[in-house]
Amino acid sequence: SAASDKQRRWNLSDFDIGKPLGRGKFGHVYLAREKKSNHIVALKVLFKTQLKQSQVEHQLRREVEIQSHLRHPNILRLYGYFYDQTRVYLILEYAAKGELYKELQKCKFFSEKRAATYISSLARALIYCHAKHVIHRDIKPENLLIGAQGELKIADFGWSVHTFNRRRTMCGTLDYLPPEMVESVEHDASVDIWSLGVLCYEFLYGVPPFEAKEHSDTYRRIIKVDLKFPSKPIVSSSAKDLISQVKLLLVAV
Ligand SMILES: Cc1cc(Cn2cc(-c3c(Cl)cnc4nc(-c5cn(C)nc5C)[nH]c34)cn2)no1
């Protein structure tokens, strides 16, 4: 039961390890099955040496603390964690249809219906997070997974924070950051709303709105909110309005 899961201490022998699902900067993710319940999970294995070298232990602790307390159909569950001499293991929900960015690469861009479904799921998940004073701060296609029924799941709360201790540090890739973060000034939950607008653009056009060859040019385009809509693919004016309104929405938030 959930209560017993909460107390019990997990270890590697509780799981049959399956195929590798992906790799990140600090380790790998494997398909795994918990032996007693036969429950399929994704086991994220992180190397302590690499976590120490990059001084991200505090971020990992926050990711576990925040994600383990969130319960929402569009947020990937973190069931628990354990560690041994050399590694930290996160027991995560398995998203059966994989990583959303690979799907976007394959389709080039999404239909308005599909984009709208994903954006509304994301909006509901962010409303839930913000109500709990949690901001994600790193909403991008690489952090989105797809569940067995095609539903979107926000993963990787490595950059999330509780808003009462807002941070000024830079984080995440620039593309999805709003002006106030790129200028690394005070920021609040509205940073996630900005990223939602950036994602909406990328779902419909296949590229993020402020993409540029040089980092400095992306930075300049974000600060200026230099938003341009390509002529192809054809996108409805209401979709373009929604994306353009996000900036005004930020001012309102
Ligand atoms: C380290 C490290 C790697 C990654 C990126 N990453 C996330 C996953 C992953 C997770 Cl956490 C949960 N469910 C998944 N399902 C898949 C998957 C399913 N199919 C059919 N194909 C894939 C791939 N991947 C999942 C894997 N890698 N973050 O930190």
Side-chain angles (χ1 to χ4, degrees), residues 5 10 12 14-35 37-107 110 114 117-118 121-122 125-126 129 134 136-161 171-173 175-176 195 199 202:
D5 282 3
W10 296 101
L12 201 49
D14 291 322
F15 300 92
D16 292 318
I17 307 298
K19 66 174 181 175
L21 290 171
R23 55 184 314 141
K25 194 168 166 220
F26 304 107
H28 298 76
V29 175
Y30 297 92
L31 191 62
R33 181 178 52 217
E34 199 278 316
K35 289 174 181 168
S37 62
N38 277 335
H39 189 61
I40 298 292
V41 295
L43 196 63
K44 188 186 271 195
V45 183
L46 302 167
F47 296 99
K48 283 185 177 178
T49 44
Q50 285 169 24
L51 293 168
K52 273 194 181 59
Q53 266 158 18
S54 307
Q55 297 170 334
V56 291
E57 300 104 308
H58 68 286
Q59 232 173 281
L60 179 63
R61 239 174 249 117
R62 202 167 44 207
E63 175 181 353
V64 172
E65 177 55 35
I66 288 177
Q67 200 164 348
S68 59
H69 287 92
L70 298 177
R71 301 275 189 282
H72 188 278
N74 299 112
I75 295 174
L76 197 77
R77 277 295 306 280
L78 191 148
Y79 300 116
Y81 71 96
F82 55 96
Y83 50 86
D84 59 22
Q85 277 297 91
T86 53
R87 286 162 296 207
V88 177
Y89 304 83
L90 304 188
I91 309 165
L92 293 160
E93 176 184 359
Y94 171 61
K97 288 194 175 159
E99 298 178 271
L100 182 122
Y101 86 91
K102 286 181 187 162
E103 186 61 21
L104 184 54
Q105 279 173 343
K106 202 174 75 184
C107 314
F110 293 142
R114 184 168 186 183
T117 306
Y118 286 152
S121 305
L122 262 169
L126 290 176
C129 288
V134 168
H136 187 282
R137 298 200 309 172
D138 199 14
I139 300 284
K140 56 185 179 183
E142 291 77 359
N143 288 342
L144 303 175
L145 294 163
I146 306 174
Q149 277 74 43
E151 73 280 20
L152 179 139
K153 302 247 177 204
I154 302 180
D156 201 340
F157 279 71
W159 286 102
S160 60
V161 280
C171 61
T173 147
D175 275 317
Y176 303 85
S195 305
L199 261 182
E202 181 164 3

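In this chain, residues are counted from 1 in sequence order. Every number for a ligand or one of its atoms is a count from 1 in the order of the listing. Just the heavy atoms: all of them, side chains too, but no hydrogens, waters or symmetry mates, feed the values below.
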Are any of the heavy atoms in Y94 under 4.0 Å away from ligand 1?
yes
When every non-hydrogen atom of F110 is compared with those of C107, the smallest separation belongs to CE2-SG, 4.0 Å
Counting distance only, does the side-chain N/O of [X] pair as donor-acceptor with the main-chain N or O of [Y] below 3.5 Å?
| X | Y | value |
| --- | --- | --- |
| H136 | I154 | no |
| Q59 | E57 | no |
| K44 | L90 | no |
| N74 | E151 | no |

By side-chain hydrogen bond (donor to acceptor under 3.5 Å, both in side chains), K153 pairs with (sequence neighbours left out) E93
Residues passing the side-chain hydrogen bond (donor to acceptor under 3.5 Å, both in side chains) test with K102, sequence neighbours excluded, are E99
Record the part of [X] in heavy-atom contact with ligand 1 below 4.0 Å; permitted values are side chain, backbone, both and neither.
| X | answer |
| --- | --- |
| K25 | neither |
| E93 | backbone |
| V45 | neither |

Residue and atom name of the nearest protein heavy atom (relative to [atom]), distance in Å to one decimal:
| atom | result |
| --- | --- |
| atom 20 (C) of ligand 1 | A96 O, 3.2 Å |
| atom 29 (O) of ligand 1 | K44 CE, 3.2 Å |
| atom 23 (C) of ligand 1 | L21 O, 3.2 Å |
| atom 5 (C) of ligand 1 | E99 OE2, 3.8 Å |

Ranking G22, G98, G27 by closest non-hydrogen atom to atom 27 (N) of ligand 1, top hit is G22
Among L76, V29, L92, closest by heavy atom to atom 8 (C) of ligand 1 is V29
For [X], take its heavy atoms, then give the atoms of ligand 1 lying under 4.0 Å from any of them.
| X | result |
| --- | --- |
| A42 | 10 (C), 12 (C), 13 (N) |
| G24 | 1 (C), 2 (C), 3 (C) |
| L145 | 10 (C), 12 (C) |

Exactly one of Y83, Y79, F15 clears ring pair (Phe, Tyr, Trp, His ring centres under 6.0 Å) with W10, and that residue is F15
Next on the checklist: Between ligand 1 and A95, is the shortest N or O to N or O distance under 3.5 Å?
Outcome noted: yes
Under the salt bridge (Lys or Arg N to Asp or Glu O under 4.0 Å) rule, what do K35 and D14 come out as? Steps first, then yes or no, please. CA-CA 6 Å; K35 289 174 181 168; D14 291 322; over 6 Å; no
